[in-house]
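Throughout, protein chains are lettered first and strands after them, A, B, ... in sequence-line order, and every chain is numbered starting at 1.
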Amino acid sequence: MKIYYKLVAILLLFFLISLTFDFPVTGDLTSPANLNVSPYYLENSVKQTHIPNVVTTVLADYRGFDTLFETSVILTAGIALILILFKSKRQKYSFSNLPRTTKGTDLVCQNSCKLAMPLMQLFALYVIAHGHYSPGGGFQGGVILAASFIFYAISFGVPNALNRFFKNKRQMLAYLGVLIYAGVGALCVILKKKFLEYVALKDILRVSDEMAHSYGVLFVEIGVALTISIIMFACYVFLATGNSFDDENL
Amino acid sequence: MLEFIILLILVIFAFLSLNVKNLFTASIILGAYSFLTCVLLSKMLAVDVAFTEACVGSGVSTVLMVATLCKVGFKTKD
Amino acid sequence: MNTGEILTLKDNLPVLIVVFPFLFAFFTGIFGSFKRFICFPLALIGVICSLISSLFGFCLVYNQRKDIVYTLGGWTRDIGISFYLNSYNASLLFLINLSILFVLLYSRRVIILKFPDRLYAFYSLILLFLTGILGIVITGDAFNLYVFLEIVSLSSYAMIALNGKESYVAALRYLIIGTVGATFYLLGVGILYLKTGNLNMSEIHNAIISQTNLLSIKAAFLFITIGFSIKFAFFPFHSWLPFAYSKTINTVSAVMAPIVTKVTIFALIKVIVLVFGLSYVFSFTCLKFLFSSVLAPIGMIYFSLKAFSQKNIRLSFCYILLMECSLMFGALFLNNILSYQITMYHVALDIIMTLSLFLFVGVLETYFRVYNFSDLESVNIFKLNPTFCILFFITCLSVLGIPPTGGFFSKFYIILAAFTAHVYFFPVCLIVSSFIILVVFLRIFEKLYFNTKKAIEGANNKVPVIMLLIFFVNAFLILGFGFNFNLLLKKIISLYF
Amino acid sequence: MDIFISKINYVLYFVLFTLGFYAMMAKNNFFKKIIGMSIFQASVILFYVSMGYKKGANIPIVPESHNVDVNLFANPLPHVLMLTAIVVGVSTLAVALSLLQKIHKEYRTIEEDEVLNLMEEE
């Protein structure tokens, strides 16, 4: 059976290599990809939205609808984990009566976590807030925030982590993140503009057109960061403990 | 020239990660594979993508893989 | 920059169709976890709002006689993402919303019994699945189609893995094969972007016209076709579908069977028509030979024989679904305009046919505990609810292709198109497989209608009124498709070219 | 021959692509299939980003000036598309790993042939 797969793989490889003769060399400035649509982004992004980081502008403003549904792909993964790794109430142990801090189990890990975690969360908030000016934004910030929660869960044990971070409001916050994103879009529709057209926020925020775009992108980044941090942490908790702790549902 | 060397190491890591017998080693090599992808991406001026690949690719997915391996076991036949 | 004019709700219609179920997926998620009984009404409202806006969109487009291009965020078409709504799209959206509404109505009691604690997660997953499906039908951007494709496949992996031991293996195999298909589509779009530089479907078409003889454009078309044929289980890549749909609960197979394969075929038609253009695709005679005169006929014969040899009713209906898929894919590559129009007509019709087939299996399994062909003798269904059986009979007529129903017209014109395209093995296999499916249905009819057992006047032997209503609407739509076939073909589908 | 040398990076991306594709199809262990899946997706990410590279350009952060020379900044569009592809890859990975855990809990093994034999016995 494996011989067929080897044959198909080698055939696919030769077909793909024969394709490369048509491709432009990586890095030449006159390739069609660098001539058609992207010059518009590079030239007009700062003029229209006051955001130097063009990737964040294209991510949240020009192709904002893509990112809305990409965040809901992450949310679907979170809901899928709730459905697949489901345990009924009696199979779960309630963790309210577990000892608060597991003393002395792994000294190095716990102390380094005490030192590192606040810095990680501060850096995560910096990355979310500075998505406009430096590389970063909702995704990276959210994942670093989730990494700090996971670090705490690894060193102090999952029940303490569950107890400490948004005890049973987690699943609400995950939905809230994407709801912020879709809500900003729907708000633009209510204000008689197209979906995700941030210019509509102009008369609410009483700012100029460009700044309305900039604030719209900021709200959207916050929504994305919220969802991604909650869902990534929930993925770790679900996969590490197999959903065996009596927490609300996420 | 440096890109070409990193790409060769990447292919070796991918081949190694698929053929090693212990699953734990395989997932750690996959973490190294994602890190080298992140290095390559930053050389190709894609700094945002490199940042995300570093956090998500070598960071969270390796943690998720090792978390499942602790429950599933490290042995594999092929 | 963008025009400053004030837009009423009517202008924002295409996006409302997609956003309504999306928002209600969050409301069910948030409020459902507190109060269990509120999940179902919220989900119902979401689907009904989308149904009404898609009906309204259809009337809008049908009266104005021109398609709507809705650009999101107010940017122009090639800068931002755009939606493309025409009369055929809107009718397909309406049918998808209708089928999800019927499945929700059918499955209310079953789901509450099966998932008492995770009800909110199931309903928000179904609504996200619906959002992905509506997005695939309506979007005009190549990469946006990939994102919607991922939402649909991710939520279908989760829905398949709900029924215990074997469903986990089925879901993991479907996940592996589904990711291969989606990544092939991603590679095809990447090659197109590399050669043309923009992502909007009609913009790519304008850029491709000058360089059609390049090998990489042909390769992009091949990768996209292979990616989609993996996703809708065409003949060589079909191993995951019967394995996956028969192992889940019947609600999930009733949600996914009528929609996922049809929408993927429609996505392939849209990519062919909008991105590559029909004249370019017609020049591929080798594909016509490979797909429509070798793989599709063999697939049809193989699937109908498999459907005939199954003990489980739902598994044999899965194979009938696979036969319909290979029929549609084979008809697609007959390389003439008529075969395209008929395939689009058959895609719309097949949503209703497969929906009523799988709802029939669902009713048999929940209300009568009938799982295999042999169990049909133990319960006399016809005695207690004759109307239900007659309405199901109309669906079987349409699957077989008997004149009054729509199935006859699609099969007749596909055979006609095959003869004009000088492909003779395909129509012969079509007729032979229809007869084999006839034998499958005869086995059901013989046990359903001519059953002599005494009917027990039990409470659960009566099919509820809501199901009769659903089957009545299905039968009405199938006959409607049959009677005004010319109106549909001339007015709605022909607008596409 | 130098054409081939200048496009060696495409060839190596496609070697990774085929390696991942082969592993997903032919490997017997479910975990190895999942590793093949992440290699498969990482190679497509590299392929997309290599389209947007401009020789001698800078990262796409544009200062506040009137006329912007396009050749000085890399093409931002593939970067946005690949942010989506990375996050989609992780969410598919999380769902695949949860299914793997459940299969192990039911059948005590994650080898595909053993699992299929156990399923036939029932």
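- Within the 4.5 angstrom heavy-atom criterion, no atom of A:N34 approaches chain C.
- One finds the NZ atom of C:K195 at 7.5 Å from the CZ atom of A:F23 (value rounded to the nearest 0.5 Å).
- Residues A:F65 and C:F83 meet the side-chain proximity criterion, which asks for heavy atoms closer than 4.5 Å.
- Neither the backbone nor the side chain of A:L35 comes within less than 4.5 Å of any heavy atom in chain C.
- Contact check for C:L72 versus A:K194: no side-chain heavy atoms found under the 4.5 Å cut-off.
- Salt-bridge formation is detected for the pair C:D141/A:R63: a Lys NZ or Arg NE/NH1/NH2 atom is positioned less than 4.0 Å from an Asp or Glu carboxylate oxygen.
- You'll find the ring centres of A:Y181 and C:F22 outside the 6.0 Å limit.
- Neither the backbone nor the side chain of A:A200 has a heavy atom closer than 4.5 Å to any heavy atom of chain C.
- Atom OG1 in A:T76 sits 12.0 Å away from atom CZ in C:F129 (nearest 0.5 Å).
- The line from CD1 of C:I217 to CG of A:D22 is 8.5 Å long, rounded to the nearest 0.5 Å.
- Looking at A:Y41, its side chain does come within 3.5 Å of a backbone N or O of C:I79 through a donor-acceptor pair.
- For the pair C:L187 and A:L16, the minimum side-chain heavy-atom distance is below 4.5 Å.
- For the pair A:L12 and C:F184, the minimum side-chain heavy-atom distance is below 4.5 Å.
- Between C:A121 and A:I82, the closest heavy-atom pair is CB-CG2, 4.2 Å.
- Within the 4.5 Å cutoff, side-chain heavy atoms of A:S72 are placed close to those of C:I151.
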Show your reasoning for whether side-chain contact (heavy atoms from CB on, under 4.5 Å) applies to A:V189 and C:V19. CA-CA 11 Å; A:V189 169; C:V19 164; over 6 Å; no
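- Rounding to the nearest 0.5 Å places CZ of C:R118 at 9.5 Å from CD1 of A:I84.
- In this structure, chain C has no heavy atom under 4.5 Å from any part of A:S38.
- With a threshold of 4.5 angstrom between heavy atoms, C:A207 does not approach chain A through any atom at all.
- Considering every non-hydrogen atom in both C:G197 and A:N36, the closest pair reads CA-ND2, 3.7 Å.
- The nearest pair of heavy atoms linking A:L19 to C:S216 is CD2-CA, 3.5 Å.
- In terms of heavy atoms, A:V37 sits closest to C:D78 at CG1-O, 3.8 Å.
- Using a 4.5 Å cut-off between heavy atoms, A:L85 does not touch chain C at all.
- Chain A forms the most heavy-atom pairs under 4.5 Å with one residue out of C:L162, C:L194, C:L154, C:V18, and that residue is C:L194.
- Around atom CZ of C:F56, no more than 12 heavy atoms belonging to other residues, nucleotides or ligands sit under 6.0 Å away.
- Only the side chain of C:F27 comes within contact range of chain A, with at least one heavy atom under 4.5 Å from a heavy atom of that chain.
- No side-chain donor-acceptor contact under 3.5 Å links C:N144 to the backbone of A:D66.
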C:S124 vs A:Y175, side-chain hydrogen bond (donor to acceptor under 3.5 Å, both in side chains): CA-CA, chis, key distance, verdict: CA-CA 10 Å; C:S124 62; A:Y175 280 108; 3.1 Å; yes
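- Using a 4.5 Å heavy-atom threshold, the side chains of C:L128 and A:I79 count as touching.
- With a 4.5 angstrom heavy-atom cutoff, C:T71 touches chain A via backbone and side-chain atoms both.
- Ranked by heavy-atom pairs under 4.5 Å with chain C, the first of A:C188, A:P32, A:S18 is A:P32.
- Atom-to-atom distance recorded for A:Y62:OH and C:T76:OG1 is 10.0 Å, nearest 0.5 angstrom.
- There is no contact between A:I190 and chain C, counting heavy-atom distances below 4.5 Å.
- Ring pair A:F15/C:F223 is perpendicular by interplanar angle, where above 60° counts as perpendicular and below 30° as parallel.
- Comparing C:L23, C:L199, C:L222, C:T139 by how many heavy-atom pairs each has under 4.5 Å with chain A, the most go to C:L199.
- Annotation: side chain of C:L16 is not in contact with side chain of A:F195 (no heavy-atom distance under 4.5 Å).
- Side-chain contact check for A:M172 versus C:F31: every heavy-atom pair is 4.5 Å or farther apart.
- Side-chain atoms of C:N12 come within 3.5 Å of backbone atoms of A:K193 as a donor-acceptor pair (strictly under, hydrogens ignored).
- Neither the backbone nor the side chain of A:S31 comes within less than 4.5 Å of any heavy atom in chain C.
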